[in-house]
Amino acid sequence: MDGLIRDRAGVAAFLESVRGAPFLALDTETSGLDPHLEKLLLIQFGTAEKQALVDAQAVDADTVRSIFRDHLVVMHNATFDLKMLAATYGDALHLEEAQIADTQNAEKLLRNGRKTDHLLQGFALKVLAERYAGMELDKSIRQGFFGIQSVTDLSPAELLYAARDVEATWKVFARQLEELERDGLLKVLAIEGAASVAFADLELKGAPIDKEAWKKQLDEAKSGSAQARKALDKEFWTVADRDLFGGTTLNYESDEEILGALKKLGLTLESTRREVLVASGHPAALAVAEYREHQKIVSTYGDAFLAFIHKKTGRLHPRFNAIGATTGRVSCSEPNLQNIPSGSAFRACFRAPPGRKLITADYSGAELRILAEASGDPVFIDTFRRGGDLHAIVAERLFKKPVNKHENPELRARAKAINFGLVYGMGAQGLANQLGVRLDEAERLLEAYFRAFPKIRDYLGESARQALKRGMAETMAGRRFWLTDLRRDGRDEGTLTRIAKNMPIQGTNADITKLAMARMYQAFRRGGVDAFLVNTVHDELVVEAAESVAEEAKAIVIREMRSAGAEFVKRVPMDVDAQLGDTWTK
DNA sequence: ATCTGTGGCGCG
DNA sequence: AAAGCGCGCCACAGAT
C-alpha cells in the first residue's frame, strides 16, 4: 500500500497520535500554482517525528477542518496552501477559526533589514531547513508534480519528499520560536498569521473589473498620447531627422535622446523628470511632459495590465506580498492594484458584479494619528478627539491667522506639507523645495512648528536616536527593522535617521491595517455575511458585498477597522471614512 | 534572447 | 534634482 490516508477515521487516528504536539506543520502538493485551474493532490501534516499523507480528493471539508481544530498549524508560505485548501473545500473549512503561523513570514520578521549572517540567502524552505535543521531538501523532485492529476500517480520517492517538507517545516518553526520570542516578535507573527487567511481569500476571490470601461479609459489615454506625440514632432522638427511617415526619428522614451534634442534647441537640463521639464518653461520640454503623462497610463495600465484578467473568473487575482516592505507594509504585483491612478476614472472601472456592492474604507490621517499617539502632543490629541481639522489647527498656530474652509487655504496646504513631511523625516531643505520658498524661510517655519509642538519634536528626535543606538527601529506591535547592515553598507546618518523616524509610523499603520483585515475576515465568516476583501492599499480596504447585506457589511468594516486601530492607538480614535457604491471610489 | 541597473512615475 | 519614507512597472542601456 502507499500509506495514504483516504478517510475521516484515518485522519482522526493520526490526530489522536499527535494530540500533545505544541503545533502541527502542514504542506500541500498541487498539480500547479493557480487554484482556479489546478488540483489539490495531497495534504501532508504532522510533527518532526511523524507525518500523515492525505489524499486530498478523497476526504471532505470537515475532515480537513479537524486538522486545524486543536492545533496551531504552521506552513511555509501559508497563503498558497490556504488558497488551494479554500478553493478545494470552500467555506466549510472554517479557516476563520484556524490559528496559523508561517515560517517564511517568521523568517522575514527575524531578518528584516539584516543581510543573513549565513552563507545561504533567501527565504525558501530549502534554505531554512538547512539553516535551522541541517536538512537537505531536494526540490527538484517537485518538478514531477506539475500536471499530475491524481495522487496515485505519485511515486514513493515523491511521497517521501512530501513528508520531509512537513518534518522540515516543523523543525524550522520550533527553532524560529525561540528567536521570535527573544526578539518580541510573537505578537506581530500572530497578526501576520491571522492576516494570511485573509490574504488567501483576497487572492482567491480577486477584484472585479469592468474590462470594457477600462478599455474606454485607455483609449482616451492612447489618443492623448498620439496627439501629444504630434506636438512633440513639431517641437523637435528642426533638430531631428525625419522618418518616412512625417514624424521625427527621435525615441521619446529615451531620456538620453530627449536631453540631446533639447540641447540642440538651446535648453540644457540635468534630468527629464517632470518637475525639471515644467520648471524650464520651454515649450518643447512642456510637450515632453504632456506626452509622458499619457504614455505612462498607456504603458502601465494598458494591454499588459488587462492581460492579467483571469480567463476563468474574469477578475484580477494579483499577488499580495504580506511583508513586501521593510516597514511591514504589503506590496502587490501582477498586476499592482496599489498604484491605480486615483484622480482618474480607472478606479471606477473596479465595479461590483450585478446584485453586489463595493465598500471603500480608509483610515483618515492614519499616520498623523499614530504620531499623535506616540508623541502625546496635546493639540494633536485634542484635535483628533474633537474630529477637528488638524492641518487647519496647525496652520493657525504656525501663522497666527484664521485658517478654515474659507480663509487662507494656502496656509493650510503649507501646514499639511509640514505635517506629512515630518513623518518622513523631512528637513528644512526638503520643506523649502516642497513649498517653493527660500531655505531660511523654511528653517523659520520648522522652528516655529517645533516651538508650537515640542512633543512632536521630542518624540521624533528621541525615537530616531534610540533606534540608531539600538540599531533597530520598532513598531507598536513589535515589528522590527534592523538598521545595522544599512549603516555598514555606508548609508549616511541622515538617511538612517529618516528611516528610523518613519519606519515605526508607517509600520504601525501596516500592523493596524493587517489586523483589521484579519478581524474583518473573521467577522464576515462568523456572521455569515456575504462579503470579502478585494483590495488593500496601505490605509484603505476595498470590500465586495451582496447588495442585501451591504449596509451591514459596511458597519462591520468600520467597526473592525476602528477596533484594530484602537489595539495600538489608544489616545485618539482611528477614524474611518467608508463609502458604499457600485465602484471603487476616490 | 535574457538579465541587471537606472530613471522616471503611478500609489500611499 | 533633491538632506522626504515605502513600494512595482515600464522603457532604455549595457551586459551576457
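First the proteins, then the strands, lettered A, B, ... as listed; each starts at 1.
Computed from coordinates, the A:N339 CG to C:dG8 P distance equals 10 Å when rounded to whole Å. When the C1' atom of B:dC11 is taken as reference, atom CD of A:E367 falls 13 Å away, rounded to whole Å. When the P atom of C:dA11 is taken as reference, atom NE2 of A:H294 falls 17 Å away, rounded to whole Å. Rounding to whole angstrom units, CD of residue A:Q295 and P of C:dA11 are separated by 7 Å. When the P atom of C:dC5 is taken as reference, atom CG of A:L460 falls 14 Å away, rounded to whole Å. The interatomic distance linking A:F481 (CZ) with C:dG6 (P) rounds to 7 Å, in whole Å. Here the C1' atom of nucleotide C:dC10 and the CD1 atom of A:I297 are 12 Å apart, to the nearest Å. Summarising the geometry, the separation between NZ on A:K416 and P on B:dG12 is reported as 11 Å, rounded to the nearest angstrom.
For the atom pair CG of A:L580 and OG1 of A:T360, the computed distance is 9.0 Å after rounding to the nearest 0.5 Å.
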Might you work through the salt bridge (Lys or Arg N to Asp or Glu O under 4.0 Å) test for A:K205 and A:D201, ending with a clear yes or no?
CA-CA 6 Å; A:K205 302 273 175 53; A:D201 191 54; 2.7 Å; yes
I'd like to know whether A:F420 forms a ring pair (Phe, Tyr, Trp, His ring centres under 6.0 Å) with A:H391, so could you lay out the CA-CA distance, the side-chain angles of the two residues, the decisive distance to 0.1 Å, and finally the verdict.
CA-CA 10 Å; A:F420 281 121; A:H391 300 316; 5.5 Å; yes
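Between A:I499 and A:N433, it is A:N433 whose nearest contact on DNA chain C lies nearer the 5' terminus. Residues A:Y301 and A:T326 each lie close to DNA chain C; by heavy-atom proximity, the contact nearer the 5' end of the strand is made by A:T326.
In terms of phosphate contacts, A:S331 brings a side-chain nitrogen or oxygen within less than 4.0 Å of OP1 or OP2 of C:dG8. An OP1 or OP2 oxygen of B:dG8 is reached within less than 4.0 angstrom by a side-chain nitrogen or oxygen of A:T272. Neither OP1 nor OP2 of B:dG10 sits under 4.0 Å from any side-chain N or O of A:R347. Between A:S342 and B:dG10, a side-chain N or O to OP1/OP2 separation shorter than 4.0 Å is absent.
Nucleic acid contact for A:E253: sugar-phosphate only, since backbone atoms but no base atoms lie under 4.0 Å from a heavy atom of the residue. Base contact: A:G421 has a heavy atom under 4.0 Å from a base atom. Heavy atoms of A:V276 sit under 4.0 angstrom from at least one base atom. The residue A:A428 sits apart from the nucleic acid: no heavy atom pair falls under 4.0 Å.
When distances are taken from the side chain of A:Y424 to each of C:dC5, C:dA2, B:dC11, the shortest belongs to C:dC5. For A:K296, the side-chain atoms get nearest to B:dG8 when compared with the rest of C:dA2, B:dG8, C:dC10. Closest to the A:R329 side chain, of the nucleotides B:dG12, C:dA3, C:dC7, is B:dG12. Closest to the A:D492 side chain, of the nucleotides C:dC9, C:dC10, C:dA3, is C:dA3.
Contact of the A:K83 side chain with the A:F199 side chain is not registered, since no non-hydrogen atoms from C-beta on lie closer than 4.5 Å. Counting heavy atoms from C-beta on, the side chains of A:I512 and A:F568 come closer than 4.5 Å.
For the 3.5 Å distance criterion, the side chains of A:K108 and A:N321 qualify, holding a donor opposite an acceptor. Residues A:D575 and A:S364 bring no donor and acceptor atom of their side chains to less than 3.5 Å of each other.
A salt bridge links A:D255 with A:R292: the distance from a Lys NZ or Arg NE/NH1/NH2 to an Asp or Glu carboxylate oxygen falls below 4.0 Å.
Cation-pi geometry between A:R242 and A:W237 is met: the NZ or CZ atom falls under 6.0 Å from the ring centre, inside 45° of the normal.
For the salt bridge (Lys or Arg N to Asp or Glu O under 4.0 Å) test, no residue two or more places apart in sequence or in another chain qualifies with A:R451.
On a pure distance criterion of 3.5 Å, no polar donor-acceptor pair joins the side chain of A:R292 and the base of B:dG8. Donor-acceptor pairing under 3.5 Å, judged by distance alone, is absent between the side chain of A:N336 and the base of C:dG8. Applying the 3.5 Å distance criterion, the base of C:dC7 shares no donor-acceptor pair with the side chain of A:Q338.
Surrounding CD of A:E493 are more than 12 heavy atoms belonging to other residues, nucleotides or ligands, all under 6.0 Å away.
Between B:dG5 and C:dA3, the two P atoms lie 23 Å apart (nearest whole Å).
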Report all interatomic pairs (protein N or O, nucleotide N or O of nucleotides 13-16 of chain C) with separations under 3.5 Å.
unit_1: C:dA13; atom_1: OP1; unit_2: A:S254; atom_2: OG; d: 2.8

Given Watson-Crick and G-U pairs under 3.5 Å, DNA chain C in dot-bracket ([ ] crossing, | other strand) is ....||||||||||||
